[in-house]
Amino acid sequence: MVRTVKALAVGWLLLQACRGDTGVGPPRVAVVQVSPAATTLTALGQTRQLSAVAKDAAGNPMSGFTITWTSSKQSVAKIDDSGLVTAVGNGDAEITAAAASVPGRAQVVVRQQIARLMFVSQPSDALAGEAITPAITAELQDPGGHRVTDAAVPVTLALGANPGSATLAGTRTVTSSGGVATFNDVWLDKVASGYTLTGVAADLPPANSTAFAVAPGPVQLAFLTQPGTVEGQVPFDPVIQVRAREDRFGNLVTDAPVTLTLAVSPSGETLHGSTRVTAVNGVVTFGSLSLAQPGEGFVLEATSGAATPARSAEFSVRLTLVQLSAGAEYTCGVTVVAFAYCWGANVAGQLGDGATDQRVIPTPVGGSLTFVRVSASAQDTCGVTTDNAAYCWGANAEGELGNGTLAQRFSPTAVVGGLRFVDVSVGGLHSCGLTTDHAAYCWGGNAKGQVGDGTTTARFTPTRVTGTLSFAQVSTGTYHTCGVTTDGMAYCWGTNANGELGDGTLADRLTPTRVQGNLIFVHVSAGDGYSCGLTAGNEGYCWGFNGAGQLGDGTTQQRLEPTPVAGGLSFAQLSAWYAHACGVTTGGAAYCWGYNDYGRLGDGTTDQHLQPAPVSGSLTFVAVSTGFAHTCGVTTARTAYCWGWNASGQVGDGTTAQRLLPTRVVQ
């Protein structure tokens with residue numbers, strides 16, 4: 001009986017062992033089965049529910065076990081605690097479900113499928129002929145609307161709505177990279193609103209963009225009128241017109257703004273006037289443009305935004321000078337349209353351009369004034385305007401500017417007193433003017449009585465010359481003044497150390513004293529220690545200091561009263577200053593005499609001449625003006641020439657080279 005019980009017990013234990021149950025603990029998990037064992041997802045974000053069952057060694061499902069889910073590649077597929085797998089990125093991932101440390105596995109493949117094409121950067125409004133910016137982008141998407149990151153397929157753009165019958169140009173077919181096709185250079189050629197684009201890729205449905213508009217592209221520019229030779233500071237005539245009507249595709253541009261500049265400027269200046277004008281009916285009119293400084297080879301350039309600039313033909317700016325006055329190291333003149341110009345040394349502001357920079361070509365006097373004549377001296381300049389006002393500028397060391405002060409002026413400053421002048425003359429340190437009622441006024445330094453008011457007191461404002469003489473003309477020297485009355489009598493006053501007053505003595509005179517000789521004069525010119533005069537019979541006379549032969553009588557002998565200029569020439573005009581004098585004959589020939597260093601006499605030499613020597617060049621002059629060591633003249637053709645000393649650019653030819661012969665002023 002005992003053996004039987006033992007045998008039964010052993011059999012039972014063997015049976016339990018065969019079942020895997022030792023009878024000493026809970027049943028063991030032999031395997032975890034995951035369903036489905038393999039799955040493919042075709043869109044990012046797409047999910048698939050997985051399930052897992054724990055089984056014993058006999059394959060019987062077991063319950064009561066916790067399933068733990070993990071993914072081998074979270075970047076491809078992620079899974080939550082319930083076994084819900086979600087596609088994250090293209091690739092393969094292994095999903096593990098573990099129960100009681102026993103794993104079960106499933107394979108997940110994420111392979112995006114291209115389901116549609118979508119514009120993600122829509123076309124914006126553009127200009128005809130210009131690339132649409134920012135770049136247009138079209139995206140290849142999976143069924144879930146996510147970009148297919150590994151898609152590399154051709155995408156083609158075409159016009160959808162085409163209200164302007166435009167042509168789509170540029171690179172229209174692009175192979176996508178990373179699922180995106182980028183179009184950087186597409187453009188349309190016709191203006192209209194409501195354009196759309198269509199994108200096509202493989203067998204996908206077409207993608208349609210939002211609507212956009214195309215405006216005219218850069219306007220095409222062309223000069224309708226070309227500038228010719230223009231006078232300085234005078235508006236261009238005819239006015240400059242620029243065509244700005246269409247872009248290069250023929251699209252109408254109605255209101256293009258156009259800017260005009262100088263593409264080439266020999267003088268370095270810029271245009272004066274309104275340089276930016278908006279087109280009216282496709283035409284831009286610049287009605288007030290001018291240039292002040294002379295030169296040749298100017299070129300205008302028209303620009304408008306991104307348009308290709310248009311350039312004019314070359315043109316010149318000229319100065320038609322009708323009056324000149326040579327100073328110490330500079331020259332001034334007046335043009336036919338009454339603008340004043342100066343050039344040369346400018347240390348004291350004597351050029352009147354608001355600066356102290358040396359100028360080697362004519363530079364406009366500031367202030368927009370119009371003058372009938374100007375007078376240059378050492379470092380001061382004065383002029384009479386077209387409305388009979390006197391203005392002066394420069395050093396003003398002794399009040400010679402007539403503004404009541406000793407302040408230096410770099411641009412024209414009105415002479416005080418409200419007098420109406422017809423002429424003004426500047427000497428060494430004093431000035432004189434002639435009023436419309438033939439009264440002579442002087443101001444400035446008066447140490448030698450050159451102001452003519454009977455005193456030696458400096459005058460900072462115009463002071464009437466003593467007496468009741470009626471003057472037709474006045475001229476200032478260094479320390480003396482001379483004038484011609486309306487009845488042809490010559491009078492002088494001031495220093496007389498060299499006989500420059502012509503009264504037969506060496507006595508200074510504080511008031512006007514008549515020049516000896518009973519000659520009838522029409523003009524006098526007061527120089528430095530001497531004077532010259534022109535009679536009604538066109539004869540030249542000079543008197544005073546003659547050390548360099550500046551009296552022109554063939555000697556170097558001092559003369560205390562008028563002495564005829566040698567040669568028997570018939571003069572129409574005379575000019576005297578430092579150590580030489582010049583004149584123009586009634587036939588227009590220029591002659592000079594006296595000291596000739598630097599070639600101031602203009603005969604091609606530096607030889608002194610004690611009587612008139614013809615100026616070289618066969619030029620026909622209207623008038624000449626003598627400076628300290630240079631001379632200038634205006635020809636009958638209204639062309640200005642200068643010669644002599646040029647260290648400061650006073651010849652006005654753009655250089656500082658000495659000139660022994662008449663050299664044309666840049667004009």
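Residue numbers run from 1 in the order of the sequence given.
In this structure, the side chain of Thr86 does not engage the main chain of Thr47 through any donor-acceptor pair within 3.5 Å. At least one donor-acceptor pair under 3.5 Å links the side chain of Asp189 to the backbone N or O of Thr167. With hydrogens and angles disregarded, a donor-acceptor distance shorter than 3.5 Å links the side chain of Thr225 to the backbone of Gln241. Remark: side-chain polar atoms of Gln141 are not paired, donor with acceptor, to backbone N or O of Ile114 under 3.5 angstrom. Using modelled atom types, one side-chain atom of Gln650 and one backbone atom of Trp645 make a donor-acceptor pair closer than 3.5 Å.
Atom CG of residue Asn388 and atom CZ of residue Phe421 lie 10.0 Å apart, to the nearest 0.5 angstrom. The CG atom of Leu260 lies 12.0 Å from the CZ atom of Arg276; values are rounded to the nearest 0.5 Å. To the nearest 0.5 Å, atom CG of residue Leu157 and atom OG of residue Ser209 are 8.5 Å apart.
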Verdict with supporting geometry, Tyr195 and Leu159, side-chain contact (heavy atoms from CB on, under 4.5 Å): CA-CA 8 Å; Tyr195 286 108; Leu159 276 168; 4.1 Å; yes
Test side chain to side chain donor-acceptor pair (under 3.5 Å) applied to Asn208 and Thr198, step by step: CA-CA 5 Å; Asn208 294 313; Thr198 297; 3.1 Å; yes
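When only modelled atom types and interatomic distance are considered, Tyr330 and Thr381 share a side-chain donor-acceptor pair under 3.5 Å.
Between Asp92 and Arg111 there is a salt bridge, since at least one side-chain N of the basic residue sits less than 4.0 Å from a carboxylate O of the acidic one.
Here Phe236 and Phe286 keep their ring centres 6.0 angstrom or further from each other.
At least one test fails for Arg664 against the ring of Trp643: distance under 6.0 Å to the centre or angle within 45° of the axis.
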